[in-house]
Each structure stands twice: as C-alpha cells, then as structure tokens.
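The analysis underlying the following values was restricted to heavy atoms, covering all of them including side chains, and did not include hydrogens, waters or symmetry mates.
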2 protein chains.
Amino acid sequence: MNIDHPEALKPRKTPRQARSEVTVDAIFKATVQVLLTDGEHRLTTTRVAERAGVSVGTMYQYFPHKRALLYAVIQQHLTEFVSGFDAACRQLRNASMAVMAEGMVNAFIDIKIRNPDLSRALYKIAAELDTDELRISTASQLQDACTAMLASATDAQFDDLPDVSFTLLTAMNGTTRAVFELGMQERRLNVLRSQLLTLCRGYLQAVARERGAP
Amino acid sequence: MNIDHPEALKPRKTPRQARSEVTVDAIFKATVQVLLTDGEHRLTTTRVAERAGVSVGTMYQYFPHKRALLYAVIQQHLTEFVSGFDAACRQLRNASMAVMAEGMVNAFIDIKIRNPDLSRALYKIAAELDTDELRISTASQLQDACTAMLASATDAQFDDLPDVSFTLLTAMNGTTRAVFELGMQERRLNVLRSQLLTLCRGYLQAVARERGAP
DNA sequence: ACCTGAACACCGTTCAAGT
DNA sequence: ACCTGAACACCGTTCAAGT
C-alpha cells in the first residue's frame with residue numbers, strides 16, 4: 001500500500017521502518033473491513049483503530065484525519081480500475097472500430113462488477129470527500145487509454161479524439177452506474193451490455209472519418 | 001412546499017394550521033440558505049433552526065432528523081428537473097428522431113445548468129442519504145417522458161423503448177454530470193452539447209426501424 | 001397544546017503522561 | 001522516540017420544564 005495524497009490528505013509521517021509499514025497496512029485493511037462488515041455509518045475512527053489493533057492516537061500519526069483513511073481506499077480502488085481498463089485498451093489496439101467498442105464496453109462493465117459491495121460503499125463515501133483531484137487524474141488516465149486505442153483503429157480516423165473518448169467514458173459511466181445503483185440483476189446487465197454496445201458503435205460510426213478520407 | 005417522504009423520512013407532524021405551514025416553509029428555506037451560504041459542512045441543525053427563527057426542538061417537531069431536511073431540498077430539486085424535462089419532451093412529440101435528439105439534449109443540459117451551486121451541493125449530500133426510492137421514482141418519470149416522446153417519432157419506430165430511454169437518459173446524465181463536476185466552462189458546455197447530440201442521434205439511428213418496416 | 005434550550009450520547013481529534 | 005487513551009470540542013437528538 002503506497003500513500004500518495006494531495007496536500008491536505010498527506011499522512012503526518014511516511015512510514016520508513018518495516019514495523020510502521022505493517023501498521024499502515026493494518027489500518028488500511030481494517031478500514032476496508034469495517035466498511036464492508038459494519039457499513040459506512042458505523043465506520044468510526046475508534047472502531048478502525050480497534051480492528052487494526054492500535055490506539056486512535058497511533059492511527060492519527062499515520063492518517064491525519066478520517067478522510068485520509070477513506071481517501072486511501074478510494075484511491076486504490078480507482079487505481080485498480082484504471083489499470084484494468086488500460087490493459088483492455090492496449091489489447092484492443094489495431095482492431096476495427098466495432099471490435100474496440102465491444103471490447104471496451106465489456107471491459108468497463110466487467111471491471112465495475114468485480115467488487116460491487118465495495119464500489120457501492122465507496123460511491124457514498126466519495127461524495128463527502130474532496131476527491132476532485134483524484135477524479136480528474138483518474139478521468140484523464142482513462143481518457144488517454146481510450147484515445148490511444150481509438151487512434152490505432154484500422155478502419156477509421158477521428159477528429160477531436162480526446163472529446164470523443166471523454167464522451168464515451170462518461171456515457172458508459174453514467175449508464176453503468178445507474179444499473180449498478182438499481183441493483184445488478186442478470187437481465188439488467190444483459191440489457192446494459194447490448195445497449196451500451198449499440199450506443200458506442202453508433203456514436204463512433206457517427207464521428208468517424210473513413211481511413212484515408214479527407 | 002409539500003412534504004411527501006417515504007417511511008422513515010416522514011415528518012412527525014403534518015402542519016395543519018397556517019402558522020405551522022409558515023414554520024415548515026421557513027425551515028425549508030433556511031436549509032437551502034445555509035447550504036448555499038455556509039456550505040454542506042457547516043449545515044448544522046442549530047444553524048438551520050437559528051436562521052429559520054425557531055428552536056431546535058421546534059424544528060424536530062416537523063422534521064424528524066437532519067436527513068429529512070436535506071431530503072426535502074433534494075426532492076424539490078428533482079421534481080423541478082422532472083417537470084422541466086417532461087415539458088420539453090411533450091413539445092417534441094411528433095417530430096423527427098433527429099429533432100427529438102437535439103431538443104432533448106439541449107433541454108437536459110439547460111435544466112441542469114439552471115442552478116449549478118445548489119446542484120453541486122446536492123450531489124454531495126444525496127450520497128449520504130437513502131435516496132434510492134427518490135431516485136428510482138425520478139428515473140422512471142424521466143423514462144416515461146422520454147418513451148412517450150420517442151413513440152411518437154414521425155420517421156422511426158423502436159423496439160424495447162423503455163430500455164432505449166433508460167440508456168439515453170443515463171448516458172446524458174453521466175456526461176453532463178462529469179462536465180458539471182469539472183466546472184462548467186463555455187468551451188466544455190459547447191463540446192458537451194455537440195458530442196451529446198451526435199451520441200444520441202447515432203444511438204437512435206442504430207436502434208431505429210424505419211416507419212413501416214417489418 | 002406547543003415551544004424552548006440545557007442535557008445527553010457519540011464522534012473526530014488532540015496532547016499530557018507513560019514506556 | 002513512540003504509543004496510549006482520557007479529555008475536549010462539536011453535533012444530532014431528546015425531553016423536562018416553561019408558557
């Protein structure tokens with residue numbers, strides 16, 4: 001677990017000794033556990049410290065406030081999402097537009113689905129935090145991955161690629177999130193997959209210039 | 001201001017006398033004011049009561065807990081959104097698919113833009129509340145409005161209309177919300193409008209059967 | 001009958017005292 | 001040097017006492 005927070009969320013003390021690293025990790029894991037076991041409302045600093053086997057005071061040496069705990073969890077979750085999506089995009093390079101759309105939609109949904117309970121909990125928590133910086137950085141990494149992929153499409157060229165990527169990603173996010181929050185049932189997920197595929201293909205078709213066209 | 005909360009969010013006492021209604025309204029308005037003036041973090045029950053000119057005790061006679069205050073504000077905001085969007089959809093009935101897409105996208109963005117500060121504040125707050133019921137009801141009203149409009153398209157027919165509406169709405173919501181949270185600059189809004197228009201048209205094109213086709 | 005606000009329970013955060 | 005946990009400040013909520 002590496003900690004890399006913006007400004008106000010930086011830990012007081014960077015763990016330099018092995019023992020400290022173990023402690024930070026225990027606190028981090030305790031946070032996730034309490035979140036999943038007891039729920040967001042019951043996630044108190046005392047409870048996390050207790051579960052981690054340290055005193056509140058010690059916890060405050062490594063995480064300057066409660067928000068820093070949550071921030072760390074959200075950050076890891078987003079990092080995993082980004083690397084999963086990026087990997088998928090790389091595999092889809094030099095494919096056709098239609099194949100890219102399908103691969104991207106499926107990857108997006110599959111990764112979102114991976115840890116539903118944690119995701120749902122984090123959605124609730126993220127709103128209370130100042131996650132602007134984190135979201136912007138996440139968004140731009142996803143955008144880069146998508147842009148690089150689309151640029152390599154064998155059967156089309158695109159103008160304003162970053163805008164196209166942005167639109168695709170935020171649209172996928174909106175639809176997926178909605179299904180997610182309604183509760184993912186088999187039928188809903190199937191509908192999501194097929195409609196999202198049509199949406200992305202239709203959009204790409206509409207913004208594409210054929211390879212070699214003016 | 002009418003109060004109509006689900007189960008746990010119901011006020012203790014329905015105001016029957018004119019005086020009480022005035023009080024409830026004062027509390028409601030005070031909540032919005034404190035929210036916009038002091039921010040979500042400083043929205044405390046004491047502060048709202050103070051601004052409304054009543055004691056905390058009195059406030060608790062009408063709103064059983066803090067969440068009920070916020071719920072009321074969110075509810076009104078969503079109701080306004082729904083009625084604005086519904087009005088736009090009605091005006092677009094019996095138009096062509098392309099005209100509908102344009103009208104719908106512009107209406108969606110225009111209404112979202114209307115009260116940016118309040119919207120941003122409410123996004124943050126909504127996550128802490130149990131707004132599932134409210135969101136489901138809002139979503140289904142928007143879906144109905146959109147479905148009824150699309151059903152009247154002069155140049156196309158659609159299968160699975162509710163699914164199509166759902167996809168359009170949640171995609172628009174995702175993209176608009178992202179722009180919204182990045183901060184709405186003139187350029188971003190223009191990009192949003194044009195990309196969203198292309199997205200919706202491309203999607204509708206892809207799912208449409210021509211009028212009269214099998 | 002209705003309102004008030006001191007009192008209570010609880011939580012995030014600190015810091016004097018301990019090792 | 002590092003850890004502990006009682007103490008503090010603050011907030012949501014209640015209810016005895018007042019009118």
Considering residues at least two apart in sequence or located in another chain, which fulfil the side chain to side chain donor-acceptor pair (under 3.5 Å) criterion with [X]?
| X | value |
| --- | --- |
| A:Lys124 | none |
| B:Asp117 | none |
| A:Ser55 | A:Thr58 |
| A:Asn106 | A:Arg193 |

Between [options], spot the one nearest the side chain of [X], thanks.
| X | options | result |
| --- | --- | --- |
| B:Val56 | D:dG5, D:dC3, C:dG5 | C:dG5 |
| B:Gln61 | C:dC3, D:dT14, D:dT4 | C:dC3 |
| B:Ser55 | D:dG5, D:dT14, C:dC3 | C:dC3 |

Identify the pairs formed between an N or O of the protein and an N or O of nucleotides 10-12 of chain D at a distance under 3.5 Å, and give each distance.
from: D:dG12; atom 1: OP1; to: B:Lys66; atom 2: NZ; distance (Å): 2.8
from: D:dG12; atom 1: OP2; to: B:Thr45; atom 2: N; distance (Å): 2.9
from: D:dG12; atom 1: OP2; to: B:Thr45; atom 2: OG1; distance (Å): 3.0

| Residues A:Arg201 and A:Glu102 bridged, charged N to O under 4.0 Å | yes
| query | Taking only residues two or more places apart in sequence or in another chain, which ones pass ring-ring contact (aromatic ring centres under 6.0 Å, His included) with B:Phe158? | reply |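 Scan of B:Phe158 (ring-ring contact (aromatic ring centres under 6.0 Å, His included), adjacent residues dropped) gives none.
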| message | Between C1' on C:dT14 and CZ on A:Phe63, what's the gap in Å once rounded to a whole number? | response |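 Taking CZ of A:Phe63 and C1' of C:dT14, I get 18 Å after rounding.
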| query | When the distance from OH of A:Tyr62 to C1' of D:dT4 is rounded to whole Å, what number comes out? | reply |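 These atoms are roughly 14 Å apart.
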| said: Suppose we screen for side-chain contact (heavy atoms from CB on, under 4.5 Å). Which residues come up paired with B:Ala206, at least two apart in sequence or across chains? | reply: A:Thr198
| Taking only residues two or more places apart in sequence, or in another chain, which ones meet B:Thr147 in a side-chain contact (heavy atoms from CB on, under 4.5 Å)? | B:Gln143, B:Leu161, B:Ser165
| note | Given Watson-Crick and G-U pairs under 3.5 Å, DNA chain C in dot-bracket ([ ] crossing, | other strand) is ||.|||||...|||||.||
